[in-house]
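Have a look at the structure below before the remarks.
As the structure lists them, so they are numbered: ligands from 1, and atoms in each ligand from 1.
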Amino acid sequence: MHQRVFFLSAKKAALLSAILLLLILYAAAVGSEGHSEQPVFSYGVAGRIIVIDAGHGGLDQGATRGQFAEHDIALQIAKKLEYYLSQGGAAVIMLRDNESDLAGDEFTGTIRQHKKTDMKQRVTTANQAAADLYISIHLNAVPGSSWSGAQVFFKPRDEDSKMAARMIQEELTSILGNTNRKAAAGNYYVLKNVEMPAVLIETGFLSNPREARLLADPEYQRKVAYAIFAGVARAAVMQSEAPAADRQK
Ligand SMILES: [Zn+2]
């Protein structure tokens with residue numbers, strides 16, 4: 001009888017600790033006041049080196065529609081992502097944190113040479129940092145206005161990249177609630193040339209006027225950044241629990 005009483009209180013204690021832990025995690029989920037944003041177990045990103053590459057910059061504005069420019073919005077989302085990942089304990093390296101690109105404003109070659117130097121420098125910096133993950137942030141644009149939705153691309157034939165992309169895509173889908181796109185292998189220079197797992201996120205279509213307005217809204221940018229962070233954190237936890245070979249389906 002005595003043992004049974006002890007067993008019950010131990011169960012209650014365990015339940016109370018579980019509730020307390022959930023409350024702490026909830027409080028730790030920085031700025032997650034949105035309905036669909038769940039608290040994130042951020043321990044997976046603690047101590048990881050993560051490179052964030054805000055696309056374009058310098059001479060290259062990327063896609064533009066009206067007053068909206070890709071280089072500018074990509075940087076704003078990248079900075080919000082930097083905040084979340086840093087809060088989670090990651091060592092974040094921003095490939096650019098201002099208007100300039102990585103070739104430098106004093107570069108004197110042709111625009112094509114300038115762009116090539118810039119892209120090479122992004123890859124070199126990520127590789128020299130020996131980062132655990134490379135995340136590139138872009139915005140999409142096509143001739144028509146009907147396409148919309150965020151989509152995540154991953155380094156071809158790399159399981160860790162694929163899993164990170166899938167997790168990020170799932171979070172974008174559930175938190176933004178406006179895309180059915182699926183993660184896909186991406187034929188991008190940066191994805192093919194960085195040595196670590198790598199994803200490139202097309203956060204939405206500037207060519208869709210409604211989505212362009214959303215993408216320029218700081219609160220929407222924060223949600224996009226939080227979704228990317230949540231996906232990265234989930235993938236990091238899974239990667240720490242099983243080696244890549246065991247996760248192949
Ligand atoms: Zn781009």
Side-chain angles (χ1 to χ4, degrees), residues 50-82 93-104 107 110-126 133-156 161 164-165 168-169 172 176 178-179 181-194 197-217 220-221 223-225 227-228 231-232:
I50 298 178
V51 165
I52 302 177
D53 184 0
H56 311 278
L59 296 172
D60 172 18
Q61 295 202 310
T64 56
R65 291 291 189 279
Q67 78 266 42
F68 306 122
E70 179 182 4
H71 74 109
D72 183 30
I73 296 175
L75 181 60
Q76 290 167 25
I77 294 171
K79 285 181 171 174
K80 291 173 173 68
L81 177 60
E82 176 191 24
I93 296 166
M94 296 285 279
L95 290 191
R96 72 176 177 98
D97 59 5
N98 59 45
E99 291 298 294
S100 299
D101 67 12
L102 276 74
F107 190 91
T110 63
I111 289 177
R112 194 183 159 86
Q113 287 168 335
H114 188 110
K115 184 72 192 162
K116 206 171 167 186
T117 303
D118 168 54
M119 297 302 282
K120 275 190 172 172
Q121 192 55 49
R122 289 178 201 242
V123 168
T124 304
T125 307
L133 179 67
Y134 165 94
I135 305 171
S136 185
I137 307 286
H138 286 256
L139 286 81
N140 227 328
V142 290
S145 62
S146 59
W147 286 17
S148 67
Q151 186 169 14
V152 187
F153 295 90
F154 55 86
K155 176 196 273 197
S161 302
I168 295 167
Q169 185 73 58
L172 286 165
L176 302 179
N178 59 8
T179 180
R181 294 182 178 277
K182 301 288 175 217
N187 188 30
Y188 294 89
Y189 173 83
V190 284
L191 292 184
K192 292 190 293 186
N193 286 280
V194 294
V199 293
L200 183 147
I201 302 149
E202 294 282 2
T203 52
F205 284 79
L206 276 186
S207 45
N208 179 305
R210 187 190 47 80
E211 194 164 53
R213 278 193 299 277
L214 282 176
L215 288 161
D217 172 18
Y220 189 80
Q221 292 171 357
K223 283 188 174 189
V224 171
I228 298 169
V232 169

Subject >> Minimum-distance N/O/S atom that Glu70 presents toward the Zn ion (ligand 1) >> reply: OE2
Subject >> Side-chain donor or acceptor of Arg96 paired with backbone N/O of Ala54 under 3.5 Å >> reply: yes
**OP:** Count the heavy atoms belonging to other residues, nucleotides or ligands that lie under 6.0 Å from NZ of Lys120, then report whether that count exceeds 12.
**Re:** no
**OP:** Please state whether the separation between the Zn ion (ligand 1) and some N/O/S atom of Glu202 is under 2.8 Å?
**Re:** no
**OP:** Using only heavy-atom distances, determine whether the side chains of Gln121 and Thr117 contain a donor-acceptor pair under 3.5 Å.
**Re:** no
**OP:** Output the atom name for the N/O/S atom of His138 with the smallest distance to the Zn ion (ligand 1).
**Re:** ND1
**OP:** Might you point out which heavy atoms bring His56 and Arg122 nearest each other, and give the distance in Å?
**Re:** O-NH2, 2.7 Å
